[in-house]
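Note sheet for the following structure.
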Amino acid sequence: MELSSGNGFDIHVPSRMPLSPGRNTDTPGKQPDRLGDRMRSLARFLNPWTSRSPISHYYAIPSCWLCPGKRIPFALYGRSAQGEPVKILPPHRMYVPSEDGHDRETGPSRVFIRKESAPDLLHYLDSNLDEIIDHPLMDAAGKAEVFYYLAYRRLEAVYRSPGRLMLTDVKQIIALMIEQIISHPETLRQVYDLVQKNAGRISEHPRSTILHALNVGILSTFFVTTVLSHLPREIAEEIALAYFFHNIGMMLLPRDVVNHRGDLDNRAWELIRQHPRWGVEIMGRRYPLTPEMGGIIGGHHERLDGTGYPGALTSANLHFFVKTCAVMDALHALISRRAYREPLPLVEALREVRHRVPRGYDPRIFSQIIRVFRAYGLF
Ligand SMILES: [Fe+2]
């Protein structure tokens with residue numbers, strides 16, 4: 001994407017990531033237009049100045065993204081008294097933060113990088129994720145944003161190369177997410193904010209498919225680890241892995257079938273009905289799938305009354321983990337933008353899913369989801 005904001009803001013690099021929440025807008029409560037919203041949202045993550053500024057070719061980043069005592073692969077800049085960019089650290093030098101790491105006016109201090117350093121910055125964030133998330137000056141919103149974006153980045157890398165699945169990076173981020181769910185519910189609420197706000201923003205496959213997988217993975221893992229708090233960590237991580245990859249089979253579908261507007265013909269439906277099985281085949285070649293994991297990937301479109309696909313299984317043959325994925329998959333699809341319709345607000349989406357209970361979805365799971373979402377203040 002090569003759009004220009006008219007203020008010198010090149011969104012080419014940031015457009016590769018899901019968008020940050022609307023809380024970044026300058027005027028909370030006001031509903032901005034979509035492009036304006038996008039520009040301001042992205043501005044928080046990689047925050048350029050206006051074209052009138054002499055440093056409009058730079059991004060501002062919070063210094064708590066930089067790990068003390070480690071070499072930084074890109075140059076860092078500050079501002080002179082006249083507002084001019086001043087190099088404060090050449091590339092590949094060890095970063096030593098200021099004493100308290102805070103700017104009196106703006107909270108955690110900020111430094112600047114040149115725009116062309118953005119790919120190096122993303123790689124650096126990805127390589128040092130554990131340490132950055134644990135930074136004492138990182139607030140819940142900051143942690144959520146770094147976590148969410150990097151999870152998307154890692155998931156996208158795997159989804160786009162299903163023949164060469166490298167699951168280590170995704171497994172690491174799943175372990176991190178489960179730790180955040182258990183220990184830091186405020187970060188989880190911020191992550192959910194990102195889930196909901198990004199769900200309605202991307203409609204084109206494959207990015208919409210990958211974002212859907214990320215969001216369903218987060219929602220399902222959050223729900224399961226909350227209601228089954230005794231679940232051993234290694235099992236929770238395996239189940240989460242299946243949630244994140246429940247739709248990997250979609251990547252084998254022709255793009256025009258997934259992005260098709262209007263009614264699908266029989267040939268297209270026949271292909272779509274295969275994607276759960278393809279997903280099990282793809283994942284099964286790379287990972288020793290447990291029956292529960294295979295059930296989630298292969299059964300997330302099954303319905304309790306046997307009207308689902310690909311196996312027309314009924315309730316007795318569907319595990320709790322599978323039924324959970326089915327509800328979250330449907331719920332997230334409703335709050336997502338599609339090529340052929342606008343996204344629904346969460347409350348309306350829940351109402352719509354309730355209409356399909358109990359023939360399609362498990363009523364007890366649906367009630368528990370409502371209870372957990374309420375308890376965590378998600379709606
Ligand atoms: Fe699916």
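Whatever order the structure lists ligands and atoms in, that order sets their numbers, starting from 1. Please read all numbers here as calculations on a predicted model, not as lab measurements.
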Please check this pair: side chain of [X] against backbone of [Y], looking for a donor-acceptor N/O pair closer than 3.5 Å.
| X | Y | value |
| --- | --- | --- |
| Glu302 | Leu313 | yes |
| Arg273 | Tyr309 | no |
| Arg71 | His92 | yes |

### Task
Flag the pair Tyr376 / Phe222 as yes when their ring centroid distance falls below 6.0 Å, and as no otherwise.
yes
### Closest heavy-atom pair and its distance - Gln190, Ala144
CB-CB, 3.4 Å
### Query
Got a sec, which pairs hit side-chain hydrogen bond (donor to acceptor under 3.5 Å, both in side chains) with one end in residues 211-222, sequence neighbours left out?
Tyr148-Asn215, His212-Asp329, His212-His332, Asn215-His332
#### Entry: If only protein N, O or S atoms under 2.8 Å count, total around the Fe ion (ligand 1)
4
